[in-house]
J.: 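The structure that follows is given in the form of structure tokens.
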Amino acid sequence: MFSGDCRHTGLRMVFALSRDFFARPALAVAPDLIGAFLRVTSAEGTVVLRITETEAYHGVGTPGPYDAGSHSKDRRTPRNASMFGPPGHAYVYFNYGMHYALNMVCMPEGAASGVLVRSGELLEGEELVRRRRATKRGGPLERPIPHSHLARGPGNLAAALGIERDTHDGLDLLATPFMVEQGTAPRKIASGPRVGVAGLAGGPEFPWRFWEHLHPTVSAFRPGRNAPRS
DNA sequence: TTATCGATTCTCT
DNA sequence: GAGAATCGATAAA
């Protein structure tokens with residue numbers, strides 16, 4: 001499923017994912033993104049990580065069961081507008097009063113669908129990420145963050161990449177400052193209920209979370225309120 | 001190992 | 001005004 005333009009960046013050949021890759025339901029895209037590389041550039045520098053955990057969210061216009069856990073389950077609002085935009089763009093939202101989260105928009109324009117990028121393995125830019133994480137915590141850390149936890153969980157991943165709604169919501173993922181590239185295939189992909197999603201949509205009927213089996217960067221599972229246990 | 005709780009503010013009803 | 005696609009610390013088991 002990996003395809004796209006080929007170009008040279010220094011010594012490395014880079015295969016950017018294609019627009020068509022994202023023009024599918026998020027449920028199909030989410031497992032295919034495990035192992036892909038995500039590159040984000042800013043004035044401070046570049047961070048590259050390998051995606052190890054994703055979740056699919058469907059909204060209006062996307063085939064499949066009604067997804068009550070999705071921000072775009074019923075209608076377009078100012079917050080979720082990017083989710084209805086063209087595929088291969090970013091949907092960034094602010095949550096719990098302190099965290100940003102990054103989604104990759106799927107399906108053709110007009111239909112709402114997105115993949116939440118939950119965790120990644122840091123490949124480049126560790127020093128910058130450590131600085132950003134320390135800044136977010138309001139000062140020097142009492143204990144250094146383990147390498148595998150630097151982009152573990154959606155809030156931490158957004159902080160590691162320096163992503164905020166004002167600056168990144170709606171931007172193209174296939175152009176600077178983003179770039180989503182073909183990566184290295186995971187050994188094994190596991191799936192299960194989504195994290196923190198309330199009700200039936202957070203239960204085993206919706207195994208819409210995907211991760212690389214046994215990978216240390218994958219975040220801990222937390223059931224949502226009233227989510228049925230399997 | 002698992003459970004609970006506080007921090008903090010946006011979004012939608 | 002209620003609840004939220006979270007995180008990390010601390011308490012309990």
J.: Does A/His71 have its ring centroid less than 6.0 Å away from the ring centroid of A/Tyr93?
T.: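 Under 6.0 Å, so yes.
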J.: Checking A/Tyr66 against A/Asp74: is there a side-chain donor and acceptor pair closer than 3.5 Å?
T.: yes
J.: How many whole angstroms separate atom CZ of A/Arg118 from atom C1' of C/dA5?
T.: 7 Å
J.: Scan A/Asn156 against the nucleic acid and name what it touches under 4.0 Å (heavy atoms): base, sugar-phosphate only, or nothing.
T.: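 The answer is sugar-phosphate, as A/Asn156 gets under 4.0 Å only of primed atoms, P, OP1 or OP2.
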J.: Looking at CH2 of A/Trp211 and OG1 of A/Thr54, how far apart are the two atoms once the value is rounded to the nearest 0.5 Å?
T.: 10.0 Å
J.: Let me know the distance between CD of A/Glu55 and P of C/dA4, rounded to the nearest Å.
T.: 15 Å
J.: Please state how far atom OH in A/Tyr93 lies from atom P in C/dA4, giving the value in whole angstrom units.
T.: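 Interatomic distance, OH of A/Tyr93 to P of C/dA4: 12 Å.
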J.: Can you tell me the distance, in whole Å, between the CG atom of A/Leu150 and the P atom of C/dC7?
T.: 14 Å
J.: Over how many whole Å does the gap from A/Arg194 atom CZ to C/dT6 atom C1' extend?
T.: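 From A/Arg194 CZ to C/dT6 C1': 16 Å.
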J.: Is a donor-acceptor pair below 3.5 Å formed from side chain A/Arg133 to base C/dG8, judging by atom type as modelled?
T.: no
J.: Just how far, in rounded Å, is C1' of C/dA4 from CG of A/Asn226?
T.: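 A/Asn226 atom CG is separated from C/dA4 atom C1' by 14 Å.
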J.: Between C/dC7 and A/His99, is there an OP1 or OP2 to side-chain N/O distance shorter than 4.0 Å?
T.: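 The answer is no; no side-chain N or O of A/His99 sits under 4.0 Å from OP1 or OP2.
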J.: At 4.0 Å (heavy atoms only), tell me whether A/Arg222 reaches a base, stays on the sugar-phosphate, or touches nothing.
T.: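 Base contact.
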J.: Decide side-chain contact (heavy atoms from CB on, under 4.5 Å) for A/Ile51 and A/Met104; before the verdict, give the C-alpha distance in whole Å, the side-chain angles of both, and the deciding distance to 0.1 Å.
T.: CA-CA 12 Å; A/Ile51 296 170; A/Met104 298 188 173; 4.0 Å; yes
J.: Using a 4.0 Å heavy-atom cut-off across all strands, classify A/Gly69 as base, sugar-phosphate, or nothing.
T.: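 Contact class for A/Gly69: base.
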J.: Quick one: do A/Glu53 and A/Arg152 satisfy salt bridge (charged side-chain N to carboxylate O under 4.0 Å, His left out)? Show the steps, please.
T.: CA-CA 9 Å; A/Glu53 183 186 359; A/Arg152 183 182 192 256; over 6 Å; no
J.: Give a yes or no on whether the backbone of A/Ser72 and the side-chain of A/Arg75 come within a donor-acceptor separation of less than 3.5 Å.
T.: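 Absent.
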J.: Which letters describe nucleotides 8-13 of chain B, given B = protein heavy atom under 4.0 Å from base, S = only from sugar-phosphate, - = neither?
T.: BBSSSS
J.: Heavy atoms within less than 4.0 Å of DNA chain B: which residues of residues 196-218 of chain A have one? Give them sorted by number.
T.: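 Correct list: empty, so none.
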J.: Could you write out DNA chain B as dot-bracket? Rules: Watson-Crick or G-U wobble, both distances under 3.5 Å, brackets [ ] for crossings, | for pairs with another strand, dot for unpaired.
T.: |||||||.||||.
J.: Reading DNA chain C from 5' onward, which residue's closest nucleotide shows up sooner: A/Arg225 or A/Leu157?
T.: A/Arg225
J.: Do A/Ser42 and A/Arg132 get their side chains close enough for a donor-acceptor pair, meaning under 3.5 Å?
T.: yes
J.: Answer yes if the ring centres of A/His89 and A/Phe22 are under 6.0 angstrom apart, and no otherwise.
T.: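 No - the distance between ring centres of A/His89 and A/Phe22 does not fall below the 6.0 Å cut-off.
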J.: Which label fits A/His168 and A/Phe178: parallel for a plane angle under 30°, tilted from 30 to 60°, or perpendicular past 60°?
T.: perpendicular
J.: I'd like to know if the side chain of A/Ser148 pairs up with that of A/Glu121 as donor and acceptor (distance under 3.5 Å, no hydrogens or angles considered).
T.: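 Note: A/Ser148 and A/Glu121 side chains miss the donor-acceptor criterion.
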J.: Side chains of A/Ser119 and A/Thr217: is there a donor and an acceptor less than 3.5 Å apart?
T.: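 No, no side-chain donor-acceptor pair sits under 3.5 Å.
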J.: Tell me whether A/Arg209 contacts the main-chain N or O of A/Gly192 through its side chain, where contact means a donor paired with an acceptor under 3.5 Å.
T.: no
